[in-house]
Novice: 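Encoded as structure tokens, here's the structure I'll be asking about.
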Amino acid sequence: MRYFIVNLAMHLVITGIIVLFACISADHNKRKKTKHVINYFFPIIFALAALLHIIHYTAPRLMDVSSIINKNYYYTTGSVEKISYLKNYFVIDGKSYYLNPLHNKLVEGDVVRVKHTPYSSFTVEIKSVTESESEGDTNSSKEN
């Protein structure tokens, strides 16, 4: 779970930096020190970038903190369709699951059972399963 904590901290820092740039450029506009017309739009651009980063990365990881503390995870079983170039996520049934790239030993086509967090789909545990075991399982279930 150290990788999850470091990843969360990194995304919080990135969000903070983008918001800081938005504030600095807005203050620059307010003091009328902007020389080019295009620079007037920087606060809006930075604010939209911060909003998108929060929606896609930071907020789901923050919501998963309580799931990790309470050990409340979901299970999904399926065949690995794709593994990213950096090996930090893989795809099962069109949904991406994130994991520590140093511990990723998956191969495309493997049938696995993934224990993951509900919002950011951060992988806690991966187990290989045989075809006969996966037929009896439901595709997604919750553990309390």
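Just so you know, these numbers come straight off a predicted model, no measurement behind them.
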Novice: Just jot down the side-chain hydrogen bond (donor to acceptor under 3.5 Å, both in side chains) partners of K127, sequence neighbours excluded, or say none.
Specialist: none
Novice: Could you grab the distance from atom OH of Y40 to atom NZ of K35, nearest 0.5 Å is fine?
Specialist: 11.5 Å
Novice: If the condition is ring-ring contact (aromatic ring centres under 6.0 Å, His included), which residues does Y57 pass it with, not counting sequence neighbours?
Specialist: H11, H53
Novice: Check the hydrophobic clustering (I, L, V, M, F, W, Y; side-chain heavy atoms under 4.5 Å; chains of links allowed) and say if F46 and L51 are grouped together.
Specialist: no
Novice: Mind checking whether T58 and I14 have side chains closer than 4.5 Å, heavy atoms only?
Specialist: no
Novice: Considering the options V19, I18, I17, which one meets the side-chain contact (heavy atoms from CB on, under 4.5 Å) requirement together with F21?
Specialist: I17
Novice: For A22 and A47, which heavy atoms make the closest approach, and how far apart are they?
Specialist: CB-N, 4.1 Å
Novice: Same cluster or not: are V112 and I83 linked, directly or through other Ile, Leu, Val, Met, Phe, Trp or Tyr residues, by side-chain heavy atoms under 4.5 angstrom apart?
Specialist: yes
Novice: What distance separates S96 OG from K82 NZ, expressed to the nearest 0.5 Å?
Specialist: 7.5 Å
Novice: Less than 4.5 Å apart, any side-chain heavy atom of Y74 and any of S121?
Specialist: no
Novice: Is there a donor-acceptor pair closer than 3.5 Å between any side-chain N or O of N100 and the backbone N or O of Y3?
Specialist: no
Novice: My understanding is that only one of N88, I126, V114 makes a side-chain contact (heavy atoms from CB on, under 4.5 Å) with L99; could you say which?
Specialist: I126
Novice: Please say whether more than 12 non-hydrogen atoms of neighbouring residues, nucleotides or ligands are located less than 6.0 Å from CZ in R31.
Specialist: yes
Novice: Where is the tightest heavy-atom contact between T34 and H36, given as atom of each residue plus distance?
Specialist: CG2-O, 3.3 Å
Novice: Anything under 30° is parallel, anything over 60° is perpendicular, the rest tilted; go ahead and classify Y98 against Y89.
Specialist: tilted
Novice: Same hydrophobic cluster for Y119 and V91, using side-chain heavy-atom links shorter than 4.5 Å among ILVMFWY?
Specialist: no
Novice: Starting from L8, can I reach I69 by hopping between I/L/V/M/F/W/Y residues whose side chains sit under 4.5 Å apart?
Specialist: yes
Novice: Can you tell me if NZ on K95 sees more than 12 non-hydrogen neighbours from other groups inside 6.0 Å?
Specialist: yes
Novice: If you draw the axis of the six-membered ring of F4, does the NZ or CZ of R61 fall within 45° of it and under 6.0 Å from the ring centre?
Specialist: no
Novice: Output yes when a side-chain donor or acceptor of T117 lies under 3.5 Å from a complementary backbone atom of F122, and no otherwise.
Specialist: yes
Novice: Nearest 0.5 Å, what's the CG-CD1 distance between N29 and I24?
Specialist: 12.5 Å
Novice: Measure the spacing between OG1 of T15 and CG of L62 and express it to the nearest 0.5 Å.
Specialist: 8.5 Å
Novice: Give a yes or no on whether I55 atom CD1 has more than 12 heavy-atom contacts from other residues, nucleotides or ligands under 6.0 Å away.
Specialist: yes
Novice: Who passes ring-ring contact (aromatic ring centres under 6.0 Å, His included) against Y97, sequence neighbours left out?
Specialist: F90, H116
